[in-house]
Amino acid sequence: MDKAREAVYQILRKCFDQGAYANIALQALSRNDYSRTDRAFATEMVYGTVSWRRTLDYVLGGFASIPIRKMSPQVHTLLMMGAYQILYMDRVPDSAACNTSVDLAKVHCKKSSGFVNGVLRSLVRGKEDIRWPDQNEDPITSLGVRYSYPDWMVATWCTQFGRETAEALMAAGNTHPPLTIRVNRMKNNREALLSVLEEEFITASPGEVCEDAIVLHSPEQFNKLNSFLEGRFSVQDESAMLVAQILDPQPGEMVLDMCCAPGGKTTHIAERMQNQGHVLGWDLHANKLPLVMESANRLDISIIEVAEQDAEIHKPEMVGRCDRVLVDVPCSGTGIIRRKPDIKWHRSPSDIGALVEIQKKILYNASSYIKDDGILVYSTCSMEKEENEGVCDWFLQKMQVSQTGSAFVLEETKKLYPTNPETDGFFIARFRKQAK
């Protein structure tokens, strides 16, 4: 039995049958005796199959005598695994994709092994002649099938960005993101860290967007590098790094991060403060707070304090105490689909509306915690205008008519997309509180 493909099968069953997220289910690979090659292969297959599931189902539907909806979960999973290898993994011979899928079928659905074999071999013979949906007759379905996105997301993006940009965003969401790291400026600058990485035989280059960013071009097992263990850097996408850069915290200040786990932005804030002052991190999920402190300890940061707290609940004792507040709210995550392809299938239009209400509550609460002339930064990893510009417009109107005695001025907005340069999709808005 092919150990890596067996792992892929088990992980995909959890994703498709139990609704597990791929990045969480893939943690099983780190708890077992898998080689680095097996882990890399399995990771690519899992993310790829999850990401391309709509396209795979469409293609398989043209070669299978049984409708997808009537297949057993075991058969359906094996056919998607085989089809993904045949269509998207050039390094895997078609014969290997077919044979290994049949071997797995003989273990997990023996009576259907012949069916699996027949469908996949038919796909091999006919993959150059697949008939795709007509773009002129139904452009939304055509794009959704070709790029493997739900119709509602395709339609939303086409309306928001236009078809050409929407298509580019969908294509980018199906790519593998680069691995970027953030320089711990308490221990070294970017040039010094690049020299250290070169000594560790790691190929790297400066990032394009953030002054603290480095892109690793040979990222295997970065967490075993001495430079990582010594706290010289953290792993973070460039767009996420920009949040603390725009917040611009200063040494000695009181800073609140209202939704802090797993701690990437929280530790970045403390680094930019040179570990002087106080950073308070709240999160709704107490089980995630140790992750923040683990990172802080590795980076030699001592000014972070964490607490379990629902940011939707107002804390009167915090009113007027903070120099700066970061509101990195729960969001739809449509800007990080290339990292979490499950988002395509786990989100629905109704989710956006529900999230917007949460975002508004958290942002409004945050406004009261800031001192006069203090800074409030609102951020999401979403590309949806409703969650970004829409929430900011609501906030400015709300504060204009509020009786708090203070007003907010929008000083800066930044919106990034996973197209050019290669970053996660992110939205960042910076407000300043002014006394009336």
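Only heavy atoms go into these numbers, but all of them, side chains included; no hydrogens, no water, no symmetry mates.
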#### Entry: salt bridge (Lys or Arg N to Asp or Glu O under 4.0 Å) partners of E412, counting only residues at least two apart
none
### Message
Once salt bridge (Lys or Arg N to Asp or Glu O under 4.0 Å) is applied, do any residues pair with K415, and if so which ones, sequence neighbours excluded?
### Response
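For K415 the salt bridge (Lys or Arg N to Asp or Glu O under 4.0 Å) partners, ignoring immediate neighbours, are E389.
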### Task
For side chain to side chain donor-acceptor pair (under 3.5 Å), just list the numbers for K344 and S51, CA-CA rounded to whole Å, side-chain angles, deciding distance to a tenth of an Å, and then say yes or no.
CA-CA 8 Å; K344 296 179 185 180; S51 185; 3.0 Å; yes
### Query
Do the rings of F228 and F233 sit parallel, tilted or perpendicular, given the 30° and 60° boundaries?
tilted
### Query
Are T380 and Q359 close enough, and set up right, to give a side chain to side chain donor-acceptor pair (under 3.5 Å), and what steps lead you there?
CA-CA 10 Å; T380 77; Q359 292 157 359; over 6 Å; no
## Note on the structure
Rounded to the nearest 0.5 Å, the NZ atom of K3 sits from the OH atom of Y34 at a distance of 6.0 Å
### Query
If you round to the nearest 0.5 Å, how far is NZ of K414 from OG of S379?
14.5 Å
Tell me whether [X] is salt-bridged to [Y], with the criterion being a basic N under 4.0 Å from an acidic carboxylate O.
{"X": "K187", "Y": "D300", "result": "yes"}
{"X": "D283", "Y": "K288", "result": "no"}
{"X": "E271", "Y": "R185", "result": "no"}
{"X": "R190", "Y": "D212", "result": "no"}
{"X": "D424", "Y": "K340", "result": "no"}

### Query
Does R5 make a cation-pi contact with F41 (under 6.0 Å, within 45 degrees of the axis)?
no
### Query
Between Y369 and W282, is the ring centre distance below 6.0 Å?
yes
### Message
Determine whether the aromatic ring centres of residues F431 and F395 are separated by less than 6.0 angstrom.
### Response
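Yes: the rings meet the under 6.0 Å criterion.
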### Query
With side chains defined as the heavy atoms from C-beta onward, is the minimum distance between N174 and Y149 less than 4.5 Å?
yes
### Message
For residues 157-170, which residue pairs pass the side chain to side chain donor-acceptor pair (under 3.5 Å) check, not counting sequence neighbours?
### Response
Q135-R163, Y147-E167, W157-E384, Q160-E384
